[in-house]
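First up is the structure itself, then whatever we jot down about it.
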2 protein chains.
Amino acid sequence: MNVDDRKATATVNQHLAASGLRRTPQRQQVYKALVAHPDHPTAEQLFLRIKQTTPKISLATVYNCLDALIACGLVRQVAVDRGAARFCANMDEHFHFHCESCNSITDMPLKGAALARKLGLPRGFQARRLDMTVHGTCRTCSARVRA
Amino acid sequence: MNVDDRKATATVNQHLAASGLRRTPQRQQVYKALVAHPDHPTAEQLFLRIKQTTPKISLATVYNCLDALIACGLVRQVAVDRGAARFCANMDEHFHFHCESCNSITDMPLKGAALARKLGLPRGFQARRLDMTVHGTCRTCSARVRA
DNA sequence: CTAGGTGCAAAAGGTTTGCGGTTAA
DNA sequence: TTAACCGCAAACCTTTTGCACCTAG
């Protein structure tokens, strides 16, 4: 287990405990897989990856673990149109760039969306979470089309 | 047919024609139903509403019509976590407030998200569409909890 | 006339649930 | 010890597809 793995495991354990959830190898695995490949995978993609090292894990467990990780504030999900939910372990404030060509999702540094959060929410509305997704064409796909 | 209906029908016909799509009663119905109740319904809710006046319409047709309306720029869809897609006929720039308590979606005037659109997208990325959703508790639900 | 659309039913995802067995605390 | 969690399979919900019929242009 390398340094990143150790750190991820420590993070999971700490957050799960803080939320009164059990720390299980599966939850640690799911989190580590998500941190290792921050490409916003679907639950099934995550499942397939984890199965390579832990063949006995089930897809339902991946969903359950993801929900536990969301509950303890380590993971957020990204909804794109009618597609499968995608997951993100970057909890820094950022928004997502969704490429309509290759379907990739790229984290984008925030720069002022924090500002957007405070922008004119009428009194009574309480903001807890901001999802901002820009849809368009990513750099790779832009380049490919032009070529 | 009242003034709003007439106007909505004219809008649909115009946009469909401009995109080379046929104007059909079903597409007009779906658009009118969406404009009449701007509560961001799911495809099925829309289907149930339309069925009251047009009992023969099918759910598949509602999906098809929605896709046609999206294609011609009259409708956008709003994805929320793992729930069913919801639809919005307000094409003015705005963001969505999703209430995690009652699951309602409220249109919010933009104020500066246009700014967010230009915020630091690295060169090569082309923005075509911005989805911004604030999740939290709406006014009604905030009031109910406090009471 | 005929390409594009509709309605129906069946299939295909994606996600959740029920349950018997396992395990973290 | 035991409530929480896992793995499996079945169920569920949402969305798409195939096909025969219909209709707008």
Side-chain angles (χ1 to χ4, degrees), chain A residues 9-10 12-31 33 40-48 50-72 75-87 103, chain B residues 9-10 12-31 33 40-72 74-87 103:
Chain A
T9 306
V12 176
N13 290 345
Q14 179 186 329
H15 278 75
L16 286 172
S19 296
L21 296 164
R22 284 198 189 163
R23 34 202 233 168
T24 70
Q26 289 87 342
R27 289 172 179 176
Q28 294 165 2
Q29 293 260 42
V30 169
Y31 184 66
H40 305 83
T42 64
E44 186 170 27
Q45 289 171 331
L46 225 27
F47 166 65
L48 292 173
I50 296 169
K51 213 162 62 157
Q52 290 176 6
T53 58
T54 313
K56 294 190 58 180
I57 200 167
S58 78
L59 179 54
T61 295
V62 172
Y63 274 105
N64 289 336
C65 290
L66 285 167
D67 283 339
L69 294 169
I70 290 168
C72 74
V75 165
R76 44 192 286 206
Q77 52 189 316
V78 183
V80 175
D81 293 345
R82 280 174 254 171
R86 302 178 57 172
F87 298 87
N103 207 27
Chain B
T9 306
V12 177
N13 290 345
Q14 180 186 328
H15 279 75
L16 286 173
S19 297
L21 296 164
R22 284 197 190 165
R23 34 201 234 168
T24 71
Q26 291 87 342
R27 289 171 179 176
Q28 294 165 3
Q29 293 260 43
V30 169
Y31 184 65
H40 305 82
T42 63
E44 185 169 28
Q45 289 171 330
L46 225 27
F47 166 66
L48 293 173
R49 288 175 192 173
I50 297 169
K51 213 163 63 158
Q52 290 176 4
T53 58
T54 312
K56 295 190 57 182
I57 201 168
S58 77
L59 179 54
T61 296
V62 173
Y63 274 104
N64 289 337
C65 290
L66 285 167
D67 283 339
L69 294 169
I70 290 168
C72 72
L74 277 179
V75 166
R76 44 193 285 206
Q77 52 190 317
V78 184
V80 175
D81 292 344
R82 280 174 253 171
R86 302 179 58 171
F87 298 87
N103 207 27

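Chain A is the first sequence line, chain B the second, and so forth, proteins listed ahead of strands; every chain is numbered from 1. Just so it is clear, the structure is predicted and the values come from calculations on it, not from any experiment.
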Given C:dG14, C:dT6, D:dT15, the nucleotide with the shortest approach to the side chain of A:E44: C:dG14
Check against side chain to side chain donor-acceptor pair (under 3.5 Å), B:T54 and B:Q29: CA-CA 9 Å; B:T54 312; B:Q29 293 260 43; 2.4 Å; yes
Touch class at under 4.0 angstrom, heavy-atom based, for B:A68 against every strand present: nothing
Closest contact, heavy atoms only, A:R86 versus A:H40: NE-O, 2.8 Å
Options C:dG7, D:dG25, D:dC6, nucleotide nearest the side-chain atoms of B:R23: D:dG25
Residue-phosphate contact under 4.0 Å: B:S58 side-chain N/O, C:dC8 OP1/OP2: no
Selection from C:dT16, D:dC6, C:dT6 that lies nearest to any side-chain heavy atom of A:D67: C:dT16
Whole-Å gap separating P (D:dT15) and CZ (B:R86): 12 Å
base_contact_polar (C:dG4 base, B:R22 side chain, donor-acceptor, <3.5 Å): yes
Residue A:R82, side-chain atoms from C-beta onward, closest of C:dG7, D:dG7, D:dT16: D:dT16
Between C1' of D:dA20 and NZ of B:K56, the distance in whole Å: 14 Å
Distance in angstrom units between B:L66 CG and C:dT6 C1', rounded: 14 Å
Main-chain N/O of B:N13 paired with B:R23 side-chain donor or acceptor, under 3.5 Å: no
Phosphate contact (D:dG7 OP1 or OP2) by A:Q26 side-chain N/O below 4.0 Å: yes
Under 3.5 Å donor-acceptor, B:R27 side chain and B:R22 backbone: yes
5' priority, DNA chain C, between B:T61 and A:A60 [closest heavy atom]: B:T61
Interatomic distance, A:F47 CZ vs C:dT16 P [rounded to whole Å]: 16 Å
B:T24 side chain near C:dT6 phosphate (N/O to OP1/OP2, under 4.0 Å): yes
A:T53 side-chain N/O to A:I50 backbone N/O, donor-acceptor pair under 3.5 Å: yes
Interatomic distance where CG belongs to B:L21 and P belongs to C:dT6 [whole Å]: 10 Å
Whole angstrom value for the distance that separates P of C:dG14 from CG of A:N64: 18 Å
Nearest-Å distance for atom pair CD/P, residues A:Q28 and D:dC6: 11 Å
Residue mapping more 5' on DNA chain D - nearest nucleotide basis, B:P25 or B:A43: B:A43
Nucleotide C:dG4, atom P - distance to CG of B:L16 in whole Å: 15 Å
Sugar-phosphate only, base, or nothing, as touched by B:L59 at under 4.0 Å among non-hydrogen atoms: base
